[in-house]
Student: 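This is the structure I want to talk about, given as structure tokens.
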Amino acid sequence: MKSENILKGLKDRDQRGIARAISLVEENDPLADEILASLDDSFVDQAMVLGITGPPGAGKSTLTDRIISNYRSQGKRVGVIAIDPSSPISGGAILGDRIRMMGHALDQDVVVRSMATRGRLGGLCAAAGAAVRILAGSGCSVIVIETVGVGQSEMDIIRLADITALVLAPGLGDDIQAMKAGLLEVADLLVVNKADCSGADTLAMDMESIAREGENKEQDYAKVCKTVASEGKGIDNLLAAIKSIDASHRDSGERRARREKAYDLEVLDWALEMVKPSIIEKIKKSSHDRKGDPRLQASKLLDQG
Ligand SMILES: Nc1nc2c(ncn2[C@@H]2O[C@H](COP(=O)(O)OP(=O)(O)OP(=O)(O)O)[C@@H](O)[C@H]2O)c(=O)[nH]1
Ligand SMILES: [Mg+2]
């Protein structure tokens, strides 16, 4: 696709144009600057970025699918960035997410983008941040980032979201315990999905008490919502909770504070991307004997200016 066609496609909100634009920015293509400059920043400012995180199999994609339907019935255009922790070669999870969102495949106002965490050259935050901008700039007023909450890059990426929902489900075992601590800190909302399964009430009660503990900390009270994503139950209530959190974050300045932090994170990620090639070049050129402390060698390399 030629550059003017990509820019036109983006302007026309054409799915292929948007997909191509995201790929080019991800690849740090020379056209990236032009693409990003063509976007309407006011759309980016207004859009709501919703993070959906939680352990594998909790029902994040099924829930996202329902969330899309609900926002679509309100006439909103929706973007989805599905972060895929699997290898880009297997493609398993990507396919799974695509299939689960197939109900929206023909809808021009639902734009789904998968992004692999492994085997990528660039930083995930940089790429996802750019994708958020492109989706928002092409008219998506809600952008969902779905990510499994493990690993540092995935924890970082959730900081791009204005509001984060942690999705849990009964019967997922000890994994939840292990990941809960870190994820709870970033969650504005706790979703107990698979409320039709046994153990859901206990899990919800546990979450309620954890959320109440949170009340004493600096963070806000995290609300607990029960859902049966596979049957579309509890979604209205969940979206009402999201709406009220969004409104209070806008009032309190929390939304702005989060956006500022996210912005800095993206700048850092891009800056690291940009210095990496020159450092690799320096390592290649330097005539060191590969003895002694590599850390010292690194600082010598950087001191060379
Ligand atoms: N019983 C029941 N099953 C559900 C519910 N929601 C989702 N499921 C099923 O749970 C399985 C996992 O759902 P996904 O939406 O793929 O879960 P996920 O969190 O996106 O999984 P990963 O992307 O692999 O991390 C699927 O077989 C769904 O049909 C629910 O509310 N109740
Ligand atoms: Mg999924």
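Residues: numbered from 1 along the sequence shown. Every number for a ligand or one of its atoms is a count from 1 in the order of the listing.
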Student: Are Asp162 and Arg258 ion-paired here, with the side-chain N under 4.0 Å from a carboxylate O?
Tutor: no
Student: Of the choices Ala58, Ser230, Ser61, which has the non-hydrogen atom that lies closest to atom 3 (N) of ligand 1?
Tutor: Ser230
Student: Is it the case that the side chain of Arg77 and the backbone of Gln108 share a donor-acceptor pair, with hydrogens and angles ignored and the cut-off at 3.5 Å?
Tutor: yes
Student: Taking atom types as modelled, is there a side-chain donor on Ser61 or Glu146 under 3.5 Å from an acceptor on the other?
Tutor: yes
Student: Taking 4.0 angstrom as the limit and counting only heavy atoms of Val148, give me the atoms of ligand 1 inside it, by number and element.
Tutor: 25 (O)
Student: Only heavy atoms of Pro56, strictly under 4.0 Å: list the atoms of ligand 1 that pass.
Tutor: 25 (O)
Student: Show which atoms of ligand 1 fall inside a sub-4.0 Å distance from at least one heavy-atom site of Asp196.
Tutor: 1 (N), 2 (C), 30 (C), 31 (O), 32 (N)
Student: Going by side chain to side chain donor-acceptor pair (under 3.5 Å), name the residues that satisfy it together with Asp196, two or more places apart in sequence or in a different chain.
Tutor: none
Student: Do Ala195 and ligand 1 have an N or O pair less than 3.5 Å apart?
Tutor: no
Student: Between Asp65 and His104, is there a side-chain donor-acceptor contact under 3.5 Å, judged purely by atom types and distance?
Tutor: yes
Student: Tell me yes or no: between the side chains of Thr164 and Asp188, is some donor less than 3.5 Å from an acceptor?
Tutor: no
Student: Going by side chain to side chain donor-acceptor pair (under 3.5 Å), name the residues that satisfy it together with Ser23, two or more places apart in sequence or in a different chain.
Tutor: Arg113
Student: Under 4.0 Å from a heavy atom of Glu146: give me the atoms of ligand 1 that qualify, with their elements.
Tutor: 20 (O), 23 (O)
Student: Write the atom name of the N, O or S atom in Glu146 that is nearest the Mg ion (ligand 2).
Tutor: OE2
Student: Distance under 4.0 Å to a non-hydrogen atom of Thr62: what atoms of ligand 1 satisfy this?
Tutor: 7 (C), 13 (O), 14 (P), 15 (O), 28 (C)
Student: Tell me whether Glu231 reaches ligand 1 (any heavy atom closer than 4.0 angstrom to a ligand atom).
Tutor: no
Student: Is the Mg ion (ligand 2) less than 2.8 Å from at least one N/O/S atom of Thr64?
Tutor: no
Student: Any nitrogen or oxygen of Lys194, side chain or backbone, less than 3.5 Å from one on ligand 1?
Tutor: yes
Student: Assess, by modelled atom type and distance only, whether the side chains of Gln74 and Asn70 contain a donor and an acceptor separated by less than 3.5 Å.
Tutor: yes
Student: I want to know if ligand 1 touches Leu63 in the polar sense, i.e. an N/O pair below 3.5 angstrom.
Tutor: no
Student: Check this for me, if you would: do Glu231 and Lys194 make a salt bridge, where the nitrogen-to-carboxylate-oxygen distance has to be below 4.0 angstrom?
Tutor: no
Student: So, regarding Cys197 and ligand 1 (criterion: nitrogen or oxygen to nitrogen or oxygen, under 3.5 Å), is there a contact or not?
Tutor: no
